[in-house]
Peer 1: 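Below is one structure. I have some questions about it.
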Amino acid sequence: MNLYAAALVFFAGIGIASATPAGPIAIAIHGGAGTIDRAEMSPELEGAYRDRLSAATQAGYNVLEQGGRSVDAVRAAINILEDSSLFNAGKGAVFNAAGQNELDASVMDGATLNAGAVAAIHHIRNPIDLAIEVMEHSRHVMMIGEGAEVFARERGIEWIDPSYFRTERRWQQLLKAQSQQAAAPPPGSSFYSTVGAVALDQSGNLAAGTSTGGMTNKRYGRVGDSPIIGAGTYASNSSCAVSGTGHGEYFIRYVVAYEICSRVAGGASVREAGDGVINGVLRDAGADGGAVIMAPDGSIYMPHNTTGMYRASINTRGELFVGIYGEDSG
Ligand code: ASP
């Protein structure tokens, strides 16, 4: 071997030795929990839900596979759900009592505990992007309403006319809710279809994000759990990552996402913590809901106390699971 070849081998060796070994990656997402009745679901509609859930999971997973950050995987997955009219986030957002679409979102980085949240916004196509912008480019954690939208303009976030969010299906849901004088969804309602994601990247960092239109016929100015760090979203590399969906007022009162992670920090598995809070605390309080939970080793649990939850995951073995009904398991 001449000197040149020997040098190449030597430097290639250094390159290999100094590269960080790639850790396990995983992602889990939800598109809302609620009464999901098989009899009311056409094969076409079910196929459309499964297609979007699978595309969103795969988009997030691709980011992780390429060595991207868990925050960017969460964004990639949520963007696909926000752009679909099937889910109550972005394009498919529900209407408030004033006939407006008022959107909320939040994100948390489990490595740094940095977080970003926005609430009551009307002109941003992908609210999760603005939440990430608040986290990464402001001194604050949460911005609301007009101020959040001024910040969005300054940062060059895509600005759209609110008519973009208007869909006939959601409009009819509002009219129905108003004719029933429903100020809040009755137990077992099918109102919840917020979206969210949790992910683990190759560097071992967890992240969580949630995006929603809130609840149909909510009072203007009402803010639920989805943009509240600790209630609808939480991530810490030392415990777990959680994104929730359900009756937001209860998720706030019981600090659901943080409560799950604090149980994991105390030694519970994601299954024990998730069941204890979603099927224990929340159920006892009479609240509907579900969550996607990920531990620092990439293990996933997706509990819900409703008949179904739109959900999907790719685990650390690279296996894709898509589920809708309670009996779907994987
Ligand atoms: N948690 C959301 C809220 O209360 C609703 C949902 O999950 O669909 O705003």
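What you are looking at is a predicted structure, and each value in this text was computed from that prediction instead of being measured. In each ligand, atom 1 is the first atom listed, and ligand 1 is the first ligand listed. Positions are given from 1 along the sequence.
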Peer 1: Tell me whether ligand 1 is touched by Ser226 - counting only heavy atoms on the residue side and a distance under 4.0 Å.
Peer 2: yes
Peer 1: Is the His247 ring parallel, tilted or perpendicular to the Tyr250 ring (thresholds 30°, 60°)?
Peer 2: perpendicular
Peer 1: Which of the atoms in ligand 1, numbered in the order shown and given with their element, are less than 4.0 Å from a heavy-atom of Asp225?
Peer 2: 1 (N), 2 (C), 3 (C), 4 (O)
Peer 1: Tell me which one of Val71, Leu81, Thr210, Asn79 satisfies side-chain contact (heavy atoms from CB on, under 4.5 Å) with Ile128.
Peer 2: Asn79
Peer 1: Just by modelled atom types, is the Gly224 backbone N or O under 3.5 Å from a matching donor or acceptor in the Glu249 side chain?
Peer 2: no
Peer 1: Gly214 heavy atoms, cut-off 4.0 Å: which ligand 1 atoms fall inside?
Peer 2: 5 (C), 9 (O)
Peer 1: Tell me whether Leu320 at atom CG has more than 12 heavy atoms from other residues, nucleotides or ligands lying less than 6.0 Å away.
Peer 2: yes
Peer 1: With a cut-off of 4.0 Å, which atoms of ligand 1 are near a heavy atom of Thr194?
Peer 2: 2 (C), 5 (C), 6 (C), 7 (O), 8 (O)
Peer 1: Applying side-chain hydrogen bond (donor to acceptor under 3.5 Å, both in side chains), name anything that partners Glu136, two or more places apart in sequence or on another chain.
Peer 2: Arg69
Peer 1: Should you measure from each heavy atom of Gly246, which atoms of ligand 1 turn up under 4.0 Å away?
Peer 2: 1 (N), 2 (C), 3 (C), 4 (O), 5 (C), 6 (C), 7 (O)
Peer 1: Does Lys91 qualify as a cation-pi partner of Phe165, given the criterion of NZ or CZ under 6.0 Å from the six-membered ring centre and within 45 degrees of its axis?
Peer 2: no
Peer 1: What is the ring orientation for Tyr234 with Tyr258, classed by angle as parallel under 30°, tilted 30 to 60°, or perpendicular over 60°?
Peer 2: perpendicular
Peer 1: Could you list which atoms of ligand 1 come closer than 4.0 Å to a heavy atom of Arg222?
Peer 2: 3 (C), 4 (O), 9 (O)
Peer 1: Which ligand 1 atoms are under 4.0 Å away from a heavy-atom of Thr245?
Peer 2: 6 (C), 7 (O), 8 (O)
Peer 1: Heavy-atom distances under 4.0 Å are what count here, so tell me which part of Ser193 touches ligand 1: side chain, backbone, both or neither.
Peer 2: backbone
Peer 1: Looking only at distances, can you tell me whether any N or O atom of Gly248, backbone or side chain, sits closer than 3.5 Å to an N or O atom of ligand 1?
Peer 2: yes
